[in-house]
Amino acid sequence: MSKVRMGFVRLVCVLLCGLLAMAGFAGAEGGAYDGYEVAVVRVPEGEKAAPLTDGSFEAAQSGVSGDLLDGALVEIVGEDVGGFCRVKAGNAFGTMESKYLERTGERSTADGIVPRGYAVITTTDADAANLRAFPGDDNYRNENSADPGNILTGRTMLLYSVAGGYAQIGLYAYQGFVPEDAVAVYWFDDLFAEERKDIPDGSHVAGKDFTPGLYTFTIAEDGQGTLASSVNGMERTYEAKGAAEFTVYLPGGAEITVAGGAMRPAERQDPFASDGRAEYAGNGKLLTYLGGVGSTHMVTVPEGGEGGRYRLVNLLFEEGKAEPREEGELAPGEEHVFLVFPGEIVEIENCVLVPQFGNG
(Lines give C-alpha, C1' and ligand atoms only; values in the text may rest on other atoms or scores of the structure.)
Protein backbone atom coordinates (compact mmCIF):
# COMPACT_ATOMS: atom_id res chain seq x y z
CA MET A 1 0.00 0.00 0.00
CA SER A 2 1.42 3.42 -0.94
CA LYS A 3 2.33 6.01 1.69
CA VAL A 4 -0.46 8.27 0.39
CA ARG A 5 -3.10 5.54 0.76
CA MET A 6 -1.78 4.54 4.19
CA GLY A 7 -1.91 8.15 5.31
CA PHE A 8 -5.47 8.49 4.07
CA VAL A 9 -6.58 5.30 5.86
CA ARG A 10 -5.01 6.66 9.07
CA LEU A 11 -6.88 9.94 8.64
CA VAL A 12 -10.21 8.14 8.16
CA CYS A 13 -9.60 6.08 11.33
CA VAL A 14 -8.84 9.21 13.32
CA LEU A 15 -11.97 10.93 12.04
CA LEU A 16 -14.16 7.94 12.92
CA CYS A 17 -12.69 7.84 16.43
CA GLY A 18 -13.38 11.54 16.84
CA LEU A 19 -16.98 11.20 15.64
CA LEU A 20 -17.63 8.23 17.91
CA ALA A 21 -16.20 10.10 20.87
CA MET A 22 -18.39 13.11 20.10
CA ALA A 23 -21.48 10.93 19.76
CA GLY A 24 -20.74 9.22 23.06
CA PHE A 25 -20.27 12.52 24.84
CA ALA A 26 -23.50 13.93 23.37
CA GLY A 27 -25.40 11.01 24.82
CA ALA A 28 -23.67 11.34 28.17
CA GLU A 29 -24.38 15.04 28.48
CA GLY A 30 -27.91 14.74 27.10
CA GLY A 31 -28.97 15.78 23.60
CA ALA A 32 -27.32 16.07 20.20
CA TYR A 33 -24.28 18.26 19.68
CA ASP A 34 -25.51 21.64 18.43
CA GLY A 35 -22.70 23.91 19.54
CA TYR A 36 -21.64 25.27 22.91
CA GLU A 37 -20.66 28.68 24.20
CA VAL A 38 -16.97 29.49 23.84
CA ALA A 39 -15.12 30.97 26.81
CA VAL A 40 -11.67 32.46 27.31
CA VAL A 41 -9.76 31.20 30.33
CA ARG A 42 -8.86 34.11 32.64
CA VAL A 43 -6.45 33.54 35.51
CA PRO A 44 -6.75 36.07 38.37
CA GLU A 45 -3.69 37.99 39.47
CA GLY A 46 -1.66 36.00 41.95
CA GLU A 47 -2.61 32.62 40.43
CA LYS A 48 -0.55 30.77 37.82
CA ALA A 49 -3.17 28.68 36.04
CA ALA A 50 -6.80 27.56 35.95
CA PRO A 51 -7.15 23.90 37.06
CA LEU A 52 -9.36 21.56 35.06
CA THR A 53 -10.52 18.71 37.29
CA ASP A 54 -11.83 15.21 36.67
CA GLY A 55 -14.55 15.61 39.27
CA SER A 56 -18.31 16.00 38.88
CA PHE A 57 -20.26 19.09 39.95
CA GLU A 58 -20.71 17.51 43.37
CA ALA A 59 -17.02 16.60 43.78
CA ALA A 60 -15.22 19.15 41.67
CA GLN A 61 -11.94 18.81 43.55
CA SER A 62 -11.61 15.03 43.17
CA GLY A 63 -8.47 15.35 41.07
CA VAL A 64 -6.75 17.82 38.74
CA SER A 65 -6.33 16.53 35.19
CA GLY A 66 -4.47 19.58 33.92
CA ASP A 67 -3.91 23.32 34.08
CA LEU A 68 -4.89 25.92 31.46
CA LEU A 69 -3.19 29.27 31.08
CA ASP A 70 -4.71 32.72 30.69
CA GLY A 71 -6.05 33.19 27.15
CA ALA A 72 -6.78 29.54 26.25
CA LEU A 73 -10.17 28.77 24.68
CA VAL A 74 -12.69 26.21 25.98
CA GLU A 75 -16.30 25.18 25.32
CA ILE A 76 -18.82 25.37 28.17
CA VAL A 77 -20.73 22.09 27.83
CA GLY A 78 -22.48 22.13 31.22
CA GLU A 79 -23.88 25.25 32.90
CA ASP A 80 -22.81 26.77 36.22
CA VAL A 81 -23.66 24.59 39.22
CA GLY A 82 -22.40 25.73 42.59
CA GLY A 83 -19.70 27.90 41.05
CA PHE A 84 -18.41 25.24 38.62
CA CYS A 85 -18.93 24.57 34.88
CA ARG A 86 -18.40 21.46 32.83
CA VAL A 87 -15.99 22.35 29.99
CA LYS A 88 -14.28 20.83 26.97
CA ALA A 89 -10.66 21.85 26.45
CA GLY A 90 -9.47 20.36 23.18
CA ASN A 91 -10.15 16.64 23.53
CA ALA A 92 -10.33 16.76 27.34
CA PHE A 93 -13.55 17.11 29.36
CA GLY A 94 -13.55 18.30 32.95
CA THR A 95 -14.86 20.74 35.52
CA MET A 96 -13.59 24.27 36.08
CA GLU A 97 -14.50 27.03 38.50
CA SER A 98 -16.71 29.62 36.82
CA LYS A 99 -14.46 32.43 38.01
CA TYR A 100 -11.86 31.34 35.42
CA LEU A 101 -14.28 31.56 32.47
CA GLU A 102 -14.89 34.72 30.46
CA ARG A 103 -17.90 34.03 28.27
CA THR A 104 -17.66 35.31 24.67
CA GLY A 105 -21.21 34.68 23.38
CA GLU A 106 -19.65 32.79 20.46
CA ARG A 107 -20.94 29.28 19.71
CA SER A 108 -18.81 26.35 18.60
CA THR A 109 -19.69 24.32 15.52
CA ALA A 110 -19.81 20.57 14.88
CA ASP A 111 -16.03 20.81 14.32
CA GLY A 112 -15.53 22.57 17.67
CA ILE A 113 -14.26 26.08 18.31
CA VAL A 114 -13.86 28.15 15.15
CA PRO A 115 -10.10 28.51 14.51
CA ARG A 116 -8.43 31.93 14.62
CA GLY A 117 -5.56 31.18 12.24
CA TYR A 118 -2.79 28.75 11.31
CA ALA A 119 0.37 27.56 13.03
CA VAL A 120 3.25 26.01 11.08
CA ILE A 121 5.78 23.82 12.91
CA THR A 122 9.23 25.37 12.53
CA THR A 123 11.30 23.43 15.07
CA THR A 124 13.21 20.25 14.23
CA ASP A 125 13.18 19.25 17.92
CA ALA A 126 10.86 16.23 18.10
CA ASP A 127 10.16 16.71 21.80
CA ALA A 128 9.22 20.38 21.35
CA ALA A 129 6.83 19.49 18.52
CA ASN A 130 5.02 16.84 20.57
CA LEU A 131 1.33 17.65 21.02
CA ARG A 132 0.43 18.13 24.70
CA ALA A 133 -3.00 17.77 26.26
CA PHE A 134 -2.17 20.71 28.56
CA PRO A 135 0.60 23.32 28.62
CA GLY A 136 3.70 21.92 30.29
CA ASP A 137 2.76 18.26 29.81
CA ASP A 138 5.36 15.95 28.29
CA ASN A 139 2.90 13.84 26.31
CA TYR A 140 -0.60 13.86 24.87
CA ARG A 141 -3.07 12.22 27.28
CA ASN A 142 -6.41 10.98 25.97
CA GLU A 143 -7.70 7.54 26.93
CA ASN A 144 -10.18 7.49 24.02
CA SER A 145 -7.72 8.04 21.16
CA ALA A 146 -4.23 7.17 20.05
CA ASP A 147 -1.25 9.46 20.64
CA PRO A 148 -0.78 11.45 17.39
CA GLY A 149 2.97 11.45 18.03
CA ASN A 150 5.40 14.17 17.17
CA ILE A 151 4.27 16.68 14.57
CA LEU A 152 6.47 16.93 11.50
CA THR A 153 8.41 20.08 10.72
CA GLY A 154 6.50 22.17 8.15
CA ARG A 155 3.08 20.78 9.10
CA THR A 156 0.29 23.37 9.08
CA MET A 157 -2.29 23.19 11.87
CA LEU A 158 -5.36 25.12 12.92
CA LEU A 159 -4.65 27.77 15.57
CA TYR A 160 -7.04 28.70 18.39
CA SER A 161 -5.00 30.76 20.85
CA VAL A 162 -1.51 31.70 21.98
CA ALA A 163 -1.26 31.94 25.76
CA GLY A 164 1.52 31.73 28.32
CA GLY A 165 4.14 30.61 25.82
CA TYR A 166 1.98 27.88 24.27
CA ALA A 167 -0.02 27.71 21.04
CA GLN A 168 -3.38 25.93 21.21
CA ILE A 169 -3.68 24.00 17.96
CA GLY A 170 -5.74 21.39 16.12
CA LEU A 171 -4.34 18.49 14.09
CA TYR A 172 -6.62 15.86 12.52
CA ALA A 173 -9.29 15.24 15.20
CA TYR A 174 -6.88 16.18 18.00
CA GLN A 175 -6.46 19.45 19.87
CA GLY A 176 -3.73 20.36 22.29
CA PHE A 177 -0.73 22.59 22.94
CA VAL A 178 2.79 23.05 21.57
CA PRO A 179 5.39 25.60 22.70
CA GLU A 180 4.91 28.96 21.01
CA ASP A 181 8.56 29.10 19.96
CA ALA A 182 8.09 25.84 18.00
CA VAL A 183 5.65 27.40 15.51
CA ALA A 184 5.14 30.31 13.15
CA VAL A 185 1.76 31.95 13.78
CA TYR A 186 -0.58 33.39 11.12
CA TRP A 187 -3.81 34.99 12.36
CA PHE A 188 -6.85 35.15 10.06
CA ASP A 189 -7.33 38.80 11.01
CA ASP A 190 -3.93 39.50 9.42
CA LEU A 191 -4.19 37.15 6.44
CA PHE A 192 -7.62 38.53 5.57
CA ALA A 193 -7.19 42.06 6.93
CA GLU A 194 -10.13 44.32 6.10
CA GLU A 195 -7.71 47.11 5.14
CA ARG A 196 -6.56 45.22 2.02
CA LYS A 197 -7.53 46.76 -1.32
CA ASP A 198 -7.15 45.89 -5.01
CA ILE A 199 -3.57 46.45 -6.21
CA PRO A 200 -3.14 48.20 -9.60
CA ASP A 201 -0.48 47.50 -12.25
CA GLY A 202 3.00 48.66 -11.33
CA SER A 203 5.56 48.06 -8.60
CA HIS A 204 4.52 48.01 -4.93
CA VAL A 205 5.87 47.16 -1.46
CA ALA A 206 3.77 45.40 1.21
CA GLY A 207 3.41 47.49 4.34
CA LYS A 208 4.18 50.68 2.42
CA ASP A 209 1.94 50.71 -0.66
CA PHE A 210 -0.58 48.05 0.38
CA THR A 211 -1.62 46.04 3.43
CA PRO A 212 0.16 42.67 3.85
CA GLY A 213 -1.96 39.52 3.60
CA LEU A 214 -3.34 36.95 1.17
CA TYR A 215 -4.05 38.12 -2.38
CA THR A 216 -5.26 36.45 -5.58
CA PHE A 217 -3.89 37.41 -9.00
CA THR A 218 -6.55 36.58 -11.61
CA ILE A 219 -6.20 36.50 -15.40
CA ALA A 220 -9.27 36.55 -17.66
CA GLU A 221 -9.92 33.84 -20.26
CA ASP A 222 -8.96 36.18 -23.12
CA GLY A 223 -6.18 37.97 -21.25
CA GLN A 224 -2.61 37.52 -20.10
CA GLY A 225 -0.68 38.78 -17.12
CA THR A 226 2.44 38.51 -15.00
CA LEU A 227 3.02 38.81 -11.26
CA ALA A 228 6.63 39.01 -10.09
CA SER A 229 7.44 38.94 -6.38
CA SER A 230 10.48 39.16 -4.13
CA VAL A 231 10.03 38.03 -0.51
CA ASN A 232 13.04 37.82 1.81
CA GLY A 233 15.32 37.38 -1.19
CA MET A 234 13.15 34.66 -2.79
CA GLU A 235 12.06 35.73 -6.29
CA ARG A 236 9.08 34.13 -8.03
CA THR A 237 7.15 34.85 -11.22
CA TYR A 238 3.59 33.81 -12.03
CA GLU A 239 2.30 34.28 -15.57
CA ALA A 240 -0.29 32.85 -17.93
CA LYS A 241 -2.19 33.40 -21.14
CA GLY A 242 -5.87 32.70 -20.64
CA ALA A 243 -7.82 32.01 -17.48
CA ALA A 244 -5.67 31.48 -14.39
CA GLU A 245 -5.47 32.47 -10.73
CA PHE A 246 -2.58 32.56 -8.29
CA THR A 247 -3.09 33.03 -4.54
CA VAL A 248 -0.01 34.37 -2.75
CA TYR A 249 0.85 35.45 0.76
CA LEU A 250 2.61 38.82 0.83
CA PRO A 251 4.13 39.67 4.24
CA GLY A 252 5.47 43.08 5.19
CA GLY A 253 8.39 44.08 2.97
CA ALA A 254 7.36 41.90 0.00
CA GLU A 255 8.04 43.59 -3.33
CA ILE A 256 5.75 42.88 -6.28
CA THR A 257 5.28 43.99 -9.88
CA VAL A 258 1.83 43.54 -11.44
CA ALA A 259 1.29 43.60 -15.21
CA GLY A 260 -2.12 42.70 -16.63
CA GLY A 261 -4.72 40.67 -14.77
CA ALA A 262 -6.38 41.77 -11.52
CA MET A 263 -4.76 41.71 -8.08
CA ARG A 264 -7.42 41.56 -5.36
CA PRO A 265 -7.63 40.56 -1.70
CA ALA A 266 -8.28 36.85 -1.19
CA GLU A 267 -11.46 36.32 0.81
CA ARG A 268 -12.34 33.64 3.34
CA GLN A 269 -14.93 32.08 1.02
CA ASP A 270 -12.45 31.82 -1.87
CA PRO A 271 -10.63 28.53 -1.14
CA PHE A 272 -10.93 26.09 -4.01
CA ALA A 273 -12.40 23.09 -2.18
CA SER A 274 -14.99 25.31 -0.47
CA ASP A 275 -16.52 27.13 -3.44
CA GLY A 276 -18.15 24.23 -5.27
CA ARG A 277 -15.76 23.88 -8.22
CA ALA A 278 -15.34 20.30 -9.39
CA GLU A 279 -11.85 20.91 -10.81
CA TYR A 280 -9.28 23.49 -11.79
CA ALA A 281 -7.28 23.04 -15.01
CA GLY A 282 -4.17 24.72 -16.39
CA ASN A 283 -1.76 26.84 -14.39
CA GLY A 284 -2.58 28.17 -10.94
CA LYS A 285 -1.84 28.47 -7.26
CA LEU A 286 -4.77 27.74 -4.98
CA LEU A 287 -5.51 28.00 -1.29
CA THR A 288 -7.45 24.77 -1.00
CA TYR A 289 -9.65 25.42 2.05
CA LEU A 290 -9.62 26.97 5.50
CA GLY A 291 -10.81 24.51 8.11
CA GLY A 292 -11.53 20.87 8.79
CA VAL A 293 -8.96 18.14 9.37
CA GLY A 294 -7.53 17.30 5.95
CA SER A 295 -8.50 17.21 2.29
CA THR A 296 -7.45 14.73 -0.38
CA HIS A 297 -6.79 16.07 -3.87
CA MET A 298 -5.85 14.41 -7.15
CA VAL A 299 -3.63 16.08 -9.69
CA THR A 300 -3.40 14.67 -13.22
CA VAL A 301 -2.11 15.54 -16.68
CA PRO A 302 -4.51 14.94 -19.61
CA GLU A 303 -3.56 12.35 -22.23
CA GLY A 304 -1.88 13.92 -25.24
CA GLY A 305 -0.83 17.01 -23.31
CA GLU A 306 2.53 18.24 -22.14
CA GLY A 307 4.05 17.06 -18.92
CA GLY A 308 2.97 18.88 -15.75
CA ARG A 309 4.24 19.80 -12.31
CA TYR A 310 2.68 20.28 -8.90
CA ARG A 311 3.93 21.75 -5.64
CA LEU A 312 2.40 21.75 -2.15
CA VAL A 313 3.58 24.65 0.02
CA ASN A 314 2.82 26.37 3.33
CA LEU A 315 2.87 29.98 4.48
CA LEU A 316 6.50 29.70 5.58
CA PHE A 317 7.39 28.89 1.96
CA GLU A 318 5.49 31.98 0.89
CA GLU A 319 7.78 34.00 3.17
CA GLY A 320 10.87 32.49 1.58
CA LYS A 321 11.70 30.57 4.77
CA ALA A 322 10.96 26.93 3.86
CA GLU A 323 11.06 24.35 1.09
CA PRO A 324 7.91 22.89 -0.52
CA ARG A 325 6.33 20.16 1.61
CA GLU A 326 5.86 18.04 -1.51
CA GLU A 327 6.47 18.49 -5.23
CA GLY A 328 6.70 16.36 -8.35
CA GLU A 329 6.43 16.04 -12.11
CA LEU A 330 3.77 14.09 -13.99
CA ALA A 331 3.73 12.61 -17.50
CA PRO A 332 0.63 12.79 -19.74
CA GLY A 333 -2.02 10.43 -18.38
CA GLU A 334 -0.33 10.16 -14.99
CA GLU A 335 -2.10 11.05 -11.74
CA HIS A 336 -1.18 11.53 -8.10
CA VAL A 337 -3.30 11.74 -4.92
CA PHE A 338 -2.09 13.66 -1.88
CA LEU A 339 -3.36 15.02 1.42
CA VAL A 340 -3.62 18.78 1.92
CA PHE A 341 -3.79 20.34 5.38
CA PRO A 342 -5.76 23.52 6.19
CA GLY A 343 -3.90 26.65 5.08
CA GLU A 344 -1.68 24.91 2.56
CA ILE A 345 -1.44 26.09 -1.05
CA VAL A 346 -1.31 23.88 -4.15
CA GLU A 347 0.57 25.16 -7.19
CA ILE A 348 0.10 23.41 -10.56
CA GLU A 349 1.46 23.78 -14.08
CA ASN A 350 -0.28 22.10 -17.07
CA CYS A 351 -2.33 19.96 -14.68
CA VAL A 352 -5.91 19.32 -13.59
CA LEU A 353 -6.56 19.57 -9.83
CA VAL A 354 -9.62 17.68 -8.53
CA PRO A 355 -10.70 17.74 -4.86
CA GLN A 356 -11.64 14.28 -3.58
CA PHE A 357 -13.81 13.37 -0.58
CA GLY A 358 -13.01 14.41 3.00
CA ASN A 359 -12.93 18.16 2.34
CA GLY A 360 -13.66 19.09 5.93
Side-chain angles (χ1 to χ4, degrees), residues 118 156 186 188-277 279-290 297 299 308-322 324-325 327 340 342-355:
Y118 302 121
T156 301
Y186 301 91
F188 287 159
D189 285 347
D190 296 327
L191 295 174
F192 301 100
E194 294 182 0
E195 298 82 3
R196 295 167 305 143
K197 306 293 183 183
D198 291 356
I199 302 174
D201 281 7
S203 297
H204 313 275
V205 178
K208 177 182 178 183
D209 304 316
F210 65 92
T211 301
L214 279 167
Y215 289 83
T216 299
F217 181 59
T218 305
I219 302 170
E221 187 172 353
D222 58 351
Q224 64 180 49
T226 302
L227 169 65
S229 67
S230 177
V231 183
N232 290 321
M234 182 67 70
E235 296 185 354
R236 303 187 179 102
T237 300
Y238 308 97
E239 56 185 347
K241 291 183 179 180
E245 63 181 77
F246 303 90
T247 297
V248 296
Y249 172 54
L250 300 172
E255 300 176 358
I256 63 170
T257 299
V258 182
M263 192 73 169
R264 64 175 180 80
E267 301 298 337
R268 298 194 188 208
Q269 66 267 27
D270 282 349
F272 171 52
S274 302
D275 65 7
R277 282 182 284 182
E279 66 177 35
Y280 179 97
N283 298 334
K285 189 174 180 182
L286 308 169
L287 178 67
T288 55
Y289 75 126
L290 293 178
H297 284 63
V299 62
R309 298 188 301 171
Y310 75 93
R311 185 160 62 179
L312 182 59
V313 304
N314 58 32
L315 293 170
L316 270 180
F317 173 87
E318 292 292 282
E319 289 194 86
K321 298 178 180 179
R325 184 167 73 80
E327 60 184 333
V340 183
E344 291 187 318
I345 299 173
V346 180
E347 186 174 351
I348 60 172
E349 181 179 329
N350 299 326
C351 291
V352 179
L353 180 67
V354 182

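In what follows, residues are counted from 1 in the order of the sequence shown.
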Participant: Do S229 and I256 come within less than 4.5 Å of each other through their side chains, counting heavy atoms only?
Facilitator: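 Yes - at least one pair of side-chain heavy atoms lies under 4.5 Å apart.
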
Participant: Quick check for you: to the nearest 0.5 Å, what is the distance between K197 atom NZ and I199 atom CD1?
Facilitator: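 Taking NZ in K197 and CD1 in I199, the distance rounds to 12.0 Å.
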
Participant: So, does N283 use its side chain to make a donor-acceptor pair with the main chain of A240 at under 3.5 Å?
Facilitator: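 Answer holds: no.
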
Participant: If I compare all heavy atoms of G242 with all of I219, which pair ends up nearest, and what's the gap?
Facilitator: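 Shortest heavy-atom separation between G242 and I219 comes out as O-CG2, 3.3 Å.
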
Participant: Determine the minimum heavy-atom distance between A206 and P251, stating which atoms define it.
Facilitator: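 The answer is CB-O, 3.1 Å.
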
Participant: For the CG atom of L191 and the CG atom of L214, what is their distance to the nearest 0.5 Å?
Facilitator: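 It comes to 5.0 Å.
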
Participant: Should R309 and E327 count as an ion pair when the cut-off is N to O under 4.0 Å?
Facilitator: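 Salt bridge flag = no for E327 with R309.
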
Participant: Name the one of F217, F246, Y215 that satisfies ring-ring contact (aromatic ring centres under 6.0 Å, His included) with Y238?
Facilitator: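 The passing option is F246.
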
Participant: Under the side-chain contact (heavy atoms from CB on, under 4.5 Å) criterion, do L227 and E239 qualify, and how do the steps go?
Facilitator: CA-CA 6 Å; L227 169 65; E239 56 185 347; over 6 Å; no

Participant: For T257 versus S203, what's the shortest heavy-atom pair and its separation?
Facilitator: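 That would be OG1-OG, 3.2 Å.
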
Participant: Write down the atom of R196, the atom of G213, and the distance for their closest heavy-atom approach.
Facilitator: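 So the minimum-distance heavy-atom pair works out to CD-CA, 4.2 Å.
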
Participant: According to side chain to side chain donor-acceptor pair (under 3.5 Å), who are the partners of R236, at least two apart in sequence or on a separate chain?
Facilitator: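 Partners of R236 by the side chain to side chain donor-acceptor pair (under 3.5 Å) criterion come out as none, since no residue qualifies.
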
Participant: Let me confirm one number: the CG-CE distance from D198 to M263, rounded to the nearest 0.5 Å.
Facilitator: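 Output value for this atom pair is 10.0 Å.
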
Participant: Please determine whether a side-chain nitrogen of the Lys or Arg among E318 and K285 lies less than 4.0 Å from a carboxylate oxygen of the Asp or Glu.
Facilitator: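 Yes, this pair counts.
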
Participant: Under the side-chain contact (heavy atoms from CB on, under 4.5 Å) rule, what do E245 and L286 come out as? Steps first, then yes or no, please.
Facilitator: CA-CA 7 Å; E245 63 181 77; L286 308 169; 3.5 Å; yes

Participant: With side-chain contact (heavy atoms from CB on, under 4.5 Å) as the test, pick out the partner of Y280 among I348, V299, V346.
Facilitator: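 When side-chain contact (heavy atoms from CB on, under 4.5 Å) is applied between Y280 and each of I348, V299, V346, only I348 qualifies.
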
Participant: The criterion is side chain to side chain donor-acceptor pair (under 3.5 Å); which residues satisfy it with T247, sequence neighbours excluded?
Facilitator: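 T247 satisfies side chain to side chain donor-acceptor pair (under 3.5 Å) with T216 once adjacent residues are dropped.
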
Participant: Over all heavy atoms of both residues, which pair between L315 and G343 is shortest? Give the atoms and the distance, please.
Facilitator: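 Smallest heavy-atom distance, with atoms named: CG-O, 4.2 Å.
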
Participant: Determine, stepwise, if the pair E319 / N314 fulfils side-chain contact (heavy atoms from CB on, under 4.5 Å).
Facilitator: CA-CA 9 Å; E319 289 194 86; N314 58 32; over 6 Å; no

Participant: Please find the pair of heavy atoms, one from R311 and one from V313, that lie closest to each other, and give the distance.
Facilitator: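 Looks like CG-CG1, 3.6 Å.
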
Participant: Run the ring-centre check on F188 versus Y118 and record whether the distance is less than 6.0 Å.
Facilitator: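 Aromatic pair counts; centres sit under 6.0 Å.
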
Participant: For Y310, give me all partners under side chain to side chain donor-acceptor pair (under 3.5 Å), at least two apart in sequence or on another chain.
Facilitator: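 So Y310 forms a side chain to side chain donor-acceptor pair (under 3.5 Å) with E326, H336.
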
